[in-house]
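Below you'll find the structure, written out as structure tokens, and then a few comments.
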Amino acid sequence: MKSMFIKSRHAKVGAAPGTLVHVGEQRTDMTTVRVMAYDAAEVKSSALLHITENIPLPPEKGVLWINVDGLHQIEVIKKLGHHFDVPALVLEDVLNTDHRPKLEIHDDFLFIVVKMLVREPVSSSFRTEQLSLILGDTFLLSFQELDGDVFDPVRTRINDSKGRIRASGPDYLAYALLDAVVDNYFMVLENISTELETLEESLLTDPSPSDLQRFYRLRREAILLRRVIWPVREALAGLMRDESARINPETRVFFRDIHDHAVQAMDIVESLRDLASSLLELHLSRNSQRMNETIKVLTLIATIFIPLTFIAGVYGMNFDVMPELHWTWGYPLILLFMLGVAVLMLFYFKRKKWL
Amino acid sequence: MKSMFIKSRHAKVGAAPGTLVHVGEQRTDMTTVRVMAYDAAEVKSSALLHITENIPLPPEKGVLWINVDGLHQIEVIKKLGHHFDVPALVLEDVLNTDHRPKLEIHDDFLFIVVKMLVREPVSSSFRTEQLSLILGDTFLLSFQELDGDVFDPVRTRINDSKGRIRASGPDYLAYALLDAVVDNYFMVLENISTELETLEESLLTDPSPSDLQRFYRLRREAILLRRVIWPVREALAGLMRDESARINPETRVFFRDIHDHAVQAMDIVESLRDLASSLLELHLSRNSQRMNETIKVLTLIATIFIPLTFIAGVYGMNFDVMPELHWTWGYPLILLFMLGVAVLMLFYFKRKKWL
Amino acid sequence: MKSMFIKSRHAKVGAAPGTLVHVGEQRTDMTTVRVMAYDAAEVKSSALLHITENIPLPPEKGVLWINVDGLHQIEVIKKLGHHFDVPALVLEDVLNTDHRPKLEIHDDFLFIVVKMLVREPVSSSFRTEQLSLILGDTFLLSFQELDGDVFDPVRTRINDSKGRIRASGPDYLAYALLDAVVDNYFMVLENISTELETLEESLLTDPSPSDLQRFYRLRREAILLRRVIWPVREALAGLMRDESARINPETRVFFRDIHDHAVQAMDIVESLRDLASSLLELHLSRNSQRMNETIKVLTLIATIFIPLTFIAGVYGMNFDVMPELHWTWGYPLILLFMLGVAVLMLFYFKRKKWL
Amino acid sequence: MKSMFIKSRHAKVGAAPGTLVHVGEQRTDMTTVRVMAYDAAEVKSSALLHITENIPLPPEKGVLWINVDGLHQIEVIKKLGHHFDVPALVLEDVLNTDHRPKLEIHDDFLFIVVKMLVREPVSSSFRTEQLSLILGDTFLLSFQELDGDVFDPVRTRINDSKGRIRASGPDYLAYALLDAVVDNYFMVLENISTELETLEESLLTDPSPSDLQRFYRLRREAILLRRVIWPVREALAGLMRDESARINPETRVFFRDIHDHAVQAMDIVESLRDLASSLLELHLSRNSQRMNETIKVLTLIATIFIPLTFIAGVYGMNFDVMPELHWTWGYPLILLFMLGVAVLMLFYFKRKKWL
Amino acid sequence: MKSMFIKSRHAKVGAAPGTLVHVGEQRTDMTTVRVMAYDAAEVKSSALLHITENIPLPPEKGVLWINVDGLHQIEVIKKLGHHFDVPALVLEDVLNTDHRPKLEIHDDFLFIVVKMLVREPVSSSFRTEQLSLILGDTFLLSFQELDGDVFDPVRTRINDSKGRIRASGPDYLAYALLDAVVDNYFMVLENISTELETLEESLLTDPSPSDLQRFYRLRREAILLRRVIWPVREALAGLMRDESARINPETRVFFRDIHDHAVQAMDIVESLRDLASSLLELHLSRNSQRMNETIKVLTLIATIFIPLTFIAGVYGMNFDVMPELHWTWGYPLILLFMLGVAVLMLFYFKRKKWL
């Protein structure tokens with residue numbers, strides 16, 4: 001069974017640090033490397049299927065963006081790392097897809113790890129996928145586990161020279177990618193929020209036994225989201241505090257914007273958790289109330305009829321000498337007596353506010 | 001179904017930052033722009049229905065207040081932004097009505113986003129509405145989703161030259177608007193508080209099944225309030241710490257005053273939450289106690305009469321040889337025996353403190 | 001219905017800041033102003049029933065203490081404020097009796113707001129009352145909602161020249177008043193603590209249905225206390241950090257003492273809350289345990305006698321051909337059979353540890 | 001009834017600060033004052049039963065330790081205080097045995113208040129006792145409520161010149177006393193921990209109704225412990241941060257050691273609380289599960305036999321015309337029918353997974 | 001009974017600080033001392049069974065690693081401590097295996113205490129074991145309670161000169177050991193995570209009574225983990241902040257890596273706790289729902305058949321005069337009447353949504 005919160009790292013235990021091991025599932029058949037080099041004037045893009053010596057050098061001006069989809073071909077990562085002077089410890093973190101989102105400030109580059117949320121097609125639950133960014137002066141390396149379509153709008157913007165992206169450095173490109181990731185969180189939040197409200201509707205009007213399982217799934221997703229968003233927020237805050245000149249002052253304001261979004265996302269997660277707790281309490285309270293009512297009905301019927309049945313039982317006994325049985329008015333009298341007992345009982349329940 | 005905590009932003013995903021998109025519902029038919037220019041000596045006010053080139057320039061002295069009601073006419077916002085040199089990223093935040101309250105300190109202006117609470121006429125629940133303020137040296141731009149009447153008293157004060165408003169700068173005007181917003185929170189809090197106390201009364205004397213739903217609605221509103229007030233408080237604290245000369249020292253003391261109010265509002269929200277939790281616990285405890293009592297009554301009746309009914313059943317059997325049936329005193333003896341059993345049972349319950 | 005946590009401020013909404021409006025109930029018929037001027041050598045005290053021009057000026061040396069009981073006569077407050085150069089915003093806070101305790105450091109004076117706890121004579125619950133202090137260089141203004149007797153011991157100490165009060169400045173007088181207020185909290189805490197322990201006793205030995213309501217009242221009081229003591233503690237901490245020369249170094253140590261008391265009071269409130277939660281859990285656990293036992297008794301009786309009654313019912317049927325009925329030993333045999341069933345059932349329950 | 005968390009301080013209300021009043025119970029008949037003066041070379045010790053003028057002066061070199069057991073003889077405390085120039089406010093805190101643990105840094109001495117935990121012999125619950133230390137340059141005053149034996153090992157170490165105690169100053173002596181106090185906390189923690197584990201054992205195998213009360217007592221003790229240890233930890237942290245030269249650098253490392261112990265004690269208290277909560281949840285869950293099972297048994301028996309009893313009842317009716325009664329195979333047929341109903345019911349329950 | 005959270009320290013109470021006492025169980029028969037001295041060029045390793053004078057001195061260059069397994073032979077620890085100038089207070093902490101993880105920065109060395117998690121072979125629960133490191137300029141002393149195999153891969157790396165370990169100082173060796181310890185935490189976390197998910201599976205599909213005990217065991221382990229990991233994380237953070245030159249800048253980045261892992265481990269523990277709480281809530285909710293259903297079935301059957309049985313009982317009475325009994329259609333009519341009552345009841349339940 002695949003664990004939700006932790007991936008097996010048996011292969012890594014006892015290994016020397018910096019040993020490159022891929023932790024996680026292989027999610028794509030081939031590692032694809034896409035290269036895009038652009039400046040305000042022109043865009044060149046290509047896909048490298050085989051990593052040979054033809055990786056471009058970081059350019060003097062403009063931006064070189066190398067995006068890697070699929071992490072299981074370790075030698076590709078290794079060569080890239082060597083080419084851009086990335087230490088082994090950083091590459092190890094790139095390969096360990098169970099890493100906590102973080103920001104590391106190195107002398108020559110910033111290293112950023114965040115999580116993307118991807119909806120599993122079959123179970124319609126969410127899966128996290130790791131995105132690692134290595135942001136140098138004129139280049140940006142991005143590593144994904146899977147060939148996703150999240151970054152396509154960014155590519156289009158580069159090609160169309162839409163927005164300020166072509167005139168800016170790799171920091172702006174990093175911002176654009178992170179923005180796409182964080183915006184995606186809101187999709188997921190919207191989803192959870194909508195489902196919570198359907199559940200609310202259902203619980204308030206016509207609760208069904210399966211509600212509880214849907215409820216549990218929602219909470220599980222909220223826990224996952226919290227785990228994903230919280231450290232992303234922290235990493236972004238670290239980016240804003242970072243005094244190094246890696247992030248342009250003009251771009252810094254954009255990172256503040258994503259940070260604001262991450263803060264808001266956390267806010268919404270917390271509110272949803274709160275609301276979910278209240279909803280569960282409501283459900284349990286209603287359940288207990290309903291049980292109470294059921295038991296009242298049972299008690300009502302039982303306490304009225306059990307004594308009556310007993311009386312009937314008494315006059316069903318076969319003793320030779322039971323004078324009442326021979327009275328002419330015995331039968332109607334006993335019926336009246338039974339009615340009296342029932343009315344008394346009802347009166348008692350009325351006074352106890354059970355009716 | 002409209003989500004309470006999050007608004008759909010499908011239109012925005014993948015768009016370049018600074019792309020102006022209105023996130024939220026269109027709440028008014030027409031965007032209204034009201035211009036008010038005043039100093040200690042005179043007031044000029046006008047309403048611009050069509051944004052043409054006649055937007056006044058920020059004056060040398062005095063205050064220019066431009067209030068925009070309705071955000072769906074993006075070109076109006078765009079023109080205003082261009083006129084007052086407001087960056088696209090800020091305008092984007094103005095248009096995104098799902099923004100978290102915040103304070104941004106820019107070189108040329110302060111950007112403040114807060115939430116107003118508006119009571120929905122039909123469902124009598126609360127709705128948030130965003131107010132964005134752009135506070136420059138001599139001008140204040142305010143953006144609302146809907147033409148509200150919250151700011152009318154402020155307008156009257158300007159016209160009547162009541163208080164110090166006419167002699168002060170736009171910072172004081174911003175204070176006056178924010179004060180009106182925060183004061184409004186107390187209306188809502190009062191409302192929730194009163195309803196909570198009605199509920200308390202009802203739960204303590206005569207609980208009804210609908211109490212739980214009212215309860216849930218109250219908690220939901222408290223969660224909403226917390227989400228609204230908390231970041232407003234933070235933004236106001238940021239305003240107090242701000243070292244820039246945008247806020248006059250004399251006005252600063254007024255902002256401290258609103259900050260105090262926001263802190264108090266948070267305090268009250270927390271106390272209400274606490275009280276609501278206690279109340280729910282009380283309700284559940286009483287429920288369980290009552291169920292306990294019901295079950296006791298059932299048990300009492302059942303355990304007394306079930307054995308008696310069994311005895312009556314025995315003597316209702318039709319065996320040929322049942323000597324007791326032919327005893328002269330059989331019937332009264334068996335009745336006495338039954339009485340004995342009942343008394344014993346009652347005695348047992350007495351000792352168990354069930355009676 | 002009067003709200004516990006918030007007072008109506010309808011009169012204030014939309015008013016210009018600094019507008020003097022009394023928020024709260026009128027608790028006394030007349031505003032009484034008591035003036036006390038003292039130094040090491042002599043004491044002069046008088047009561048001003050009509051505020052005319054004869055308010056004394058702040059003296060060169062010694063202390064001038066003006067105590068105002070009752071806040072609804074706004075003109076009195078206004079005149080006093082004008083006389084001592086107190087800004088309108090401060091006076092507004094004095095009049096708003098729903099204010100959160102706080103400390104404001106002004107250039108010419110310190111402004112301190114705290115809450116006193118007063119026991120309502122009829123309902124024996126607690127009510128908060130606001131005390132505002134304006135501490136200048138040689139004068140102290142104190143404002144109460146109601147003519148209370150809390151400060152009488154302080155007056156006696158001034159008159160008797162007991163302790164160091166006569167030789168010290170107005171800061172020491174402020175300390176003496178605040179000390180009386182905080183000491184009073186312990187009375188209330190003692191009260192709650194004692195009641196909690198009576199409840200504990202009652203819950204552990206002989207729980208009664210009214211225990212839950214007493215319980216709820218206690219929690220409500222603890223919430224109120226927390227709301228009152230927490231900001232007072234904060235204000236006192238602010239007073240200790242204050243670098244201004246308003247508070248004498250010798251007096252500062254006394255303020256540390258009250259601060260310690262406030263911290264301890266918070267500590268006790270938290271412990272009481274904790275204990276109350278544990279107690280409620282105990283109560284609910286016992287309730288559920290007792291219900292469990294009741295249901296066991298019911299089940300025991302029912303599962304033993306229901307099958308027996310069924311057997312008796314079978315032999316009460318009137319079929320023509322029921323051979324058992326005609327056996328000589330039919331009756332005793334069936335009784336034995338019933339006994340066997342009952343014994344089996346008991347044995348089963350024994351093994352299930354129900355007996 | 002004696003309150004656990006707060007002691008009556010009626011005698012103090014309204015008194016001038018610095019008035020010496022003993023808050024707490026009188027726990028010993030006589031106040032005993034033990035004097036010990038030592039340096040590396042020699043030890044002199046004596047017990048003063050009557051405080052006269054023969055209190056030794058703080059020595060030039062070496063250490064003077066004066067230990068006071070019993071606080072109700074206020075004049076003894078007063079004289080000592082006067083002799084060592086201790087301010088009245090400090091003496092007041094020494095006498096108020098309901099004080100929160102704290103550290104006060106005065107110019108001439110450090111004032112430390114901590115709580116010792118003492119086991120009540122009869123109820124085997126814990127009681128706090130206050131220890132106040134006044135640490136000067138060459139002297140240490142220690143005040144206990146009761147003549148305890150906690151410090152005997154320290155006395156023995158001084159007499160035997162064991163460890164470094166004789167060669168060190170009064171700061172080391174203070175450390176030795178505090179160490180004994182904090183070590184004692186672990187005794188209590190061990191005790192609670194062991195009892196919790198016995199409870200766990202009992203709850204998991206054979207829960208008894210008295211478990212809940214033992215449980216409650218444990219939680220109560222944990223709350224008490226937290227209240228005692230938390231501020232002690234804080235005071236010790238303050239001691240470590242203290243820049244004054246009162247604590248020798250060599251001794252400072254020892255205080256860090258006690259601080260570590262206090263942190264660990266807090267840690268253990270928190271873990272025990274956590275574990276206790278989990279245990280209570282387990283207990284409640286099992287209770288509810290067991291109730292569920294009981295109710296299932298009841299339902300099973302009742303739903304099988306109630307319909308059967310009804311059928312038997314039908315054929316026990318005395319109508320003249322009931323053809324079935326006269327069928328030869330009527331009786332066996334009806335028995336078969338009943339069996340069928342029972343089997344059907346059992347089948348239904350089987351499918352519902354109740355069996 | 002062995003306590004989970006605290007070890008008996010009776011032997012220590014009252015002892016002078018620095019007295020060497022072993023707190024904990026003796027876990028190995030013999031204390032083994034293994035010496036390893038290496039530099040980039042060569043490795044020398046030996047095992048000292050008897051501590052005599054032949055302990056090597058800290059070398060000029062290269063690394064001396066002395067690992068001690070088993071702490072009960074105090075004289076061994078003492079001699080080592082003396083040899084490397086380690087103060088008695090540190091040795092005391094080495095011997096007290098109930099110590100909280102911590103970092104102490106001494107002038108000549110760093111002292112690090114962490115906990116390892118070891119799986120008990122029989123009960124398959126976890127046990128903590130203490131690892132103490134004393135990190136000097138050219139030497140590293142490590143103390144374990146038990147001869148474990150956790151460090152074997154490190155030894156192999158040294159022997160094989162794999163990775164950078166041979167070229168680095170003792171700080172890197174300390175990192176390698178700590179890394180092995182923290183990596184081990186993830187094994188345990190994986191284990192708990194997997195078990196939690198099995199439990200989830202079981203609770204959602206086919207809950208068994210033993211689930212609760214497994215649940216409790218999981219929570220207990222999570223509490224233990226938290227207690228172990230939290231202070232380790234703190235100690236590592238302290239190591240990163242440490243300004244001393246003990247940790248090489250190149251090695252510092254590796255310590256940041258372990259710190260990241262510890263943070264992530266805490267994260268996972270928290271998520272697991274959260275998930276466990278949600279799961280327990282789900283379980284309790286389902287339990288209550290199921291009880292509700294059971295009670296509904298009981299009520300349904302009882303309320304339908306009890307009145308019918310009563311009617312049958314009435315016509316089983318033996319009164320002489322019961323005219324209905326003699327009607328020709330009496331029997332079918334009464335059967336029809338009973339059917340009517342049953343149908344009415346069913347209809348009522350239908351409307352109440354019980355069916």
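When reading the values below, keep in mind they use all heavy atoms of this one structure, side chains included, and skip hydrogens, waters and symmetry mates. It should be emphasised that the depicted structure is a prediction, and the values quoted were computed from it without experimental measurement. We name chains A, B, ... by the order of the sequence lines, and we start the count at 1 in each one.
- Note on R226(D) versus E270(D): salt bridge recorded, some NZ/NE/NH1/NH2 to OD/OE distance being below 4.0 Å.
- Only the side chain of R273(E) comes within contact range of chain D, with heavy atoms under 4.5 Å apart.
- Chosen from I311(E), V297(E), T299(E), the residue pairing most often with chain D at heavy-atom distances under 4.5 Å is V297(E).
- With a threshold of 4.5 angstrom between heavy atoms, I304(E) does not approach chain D through any atom at all.
- Only the side chain of L284(E) has a heavy atom closer than 4.5 Å to any heavy atom of chain D.
- Residues V314(E) and F310(E) are in side-chain contact: their nearest non-hydrogen atoms beyond the backbone lie under 4.5 Å apart.
- Residue K115(E) comes nearest to P101(E) through the heavy atom pair CG-CG, 3.7 Å, listed as atom of the first residue, atom of the second, then distance.
- Contacts between E324(D) and chain E at a heavy-atom distance below 4.5 Å involve the side chain alone, from C-beta outward.
- Contacts of E281(D) with chain E are made by side-chain atoms alone, with heavy-atom separations under 4.5 Å and no backbone atom involved.
- For the set R286(D), K296(D), M317(D), the entry with the most heavy-atom pairs within less than 4.5 Å of chain E is M317(D).
- Chain D forms the most heavy-atom pairs under 4.5 Å with one residue out of P332(E), G313(E), A312(E), and that residue is A312(E).
- Taking each heavy atom of P323(D) and Y331(E) in turn, the nearest pair found is CD-CD2, 4.3 Å.
- Between L117(D) and L225(D) there is a side-chain heavy-atom pair separated by less than 4.5 Å.
- Between chain D and the options F305(E), Y216(E), W327(E), W230(E), heavy-atom pairs under 4.5 Å are most frequent for Y216(E).
- For R256(D), the part lying under 4.5 angstrom from a heavy atom of chain E is the side chain only.
- Here the closest non-hydrogen pair linking A262(E) and R233(E) is CB-CG, 3.8 Å.
- The shortest non-hydrogen separation linking I258(D) to Y175(D) is CD1-CD1, 3.3 Å.
- Using cut-offs of 30° and 60° on the angle between ring planes, the pair H261(D) and H99(E) is tilted.
- Looking at heavy atoms from C-beta onward, R166(D) lies in side-chain contact with V43(D) at the 4.5 angstrom threshold.
- Interface remark: of the candidates L325(E), L212(E), D93(E), L325(E) forms the most heavy-atom pairs closer than 4.5 Å to chain D.
- For M322(E), no part sits under 4.5 Å from any heavy atom of chain D, backbone or side chain.
- Summarising the geometry of L300(D) relative to T303(D), their closest heavy-atom pair is O-OG1, 3.2 Å, with the distance given to 0.1 Å.
- N318(E) touches chain D through backbone and side chain together, each having a heavy atom under 4.5 Å away.
- Most heavy-atom pairs under 4.5 Å with chain E: of the set I306(D), D274(D), L298(D), this distinction falls to D274(D).
- Most heavy-atom pairs under 4.5 Å with chain E, from the set V253(D), V263(D), D260(D), D267(D): that is D267(D).
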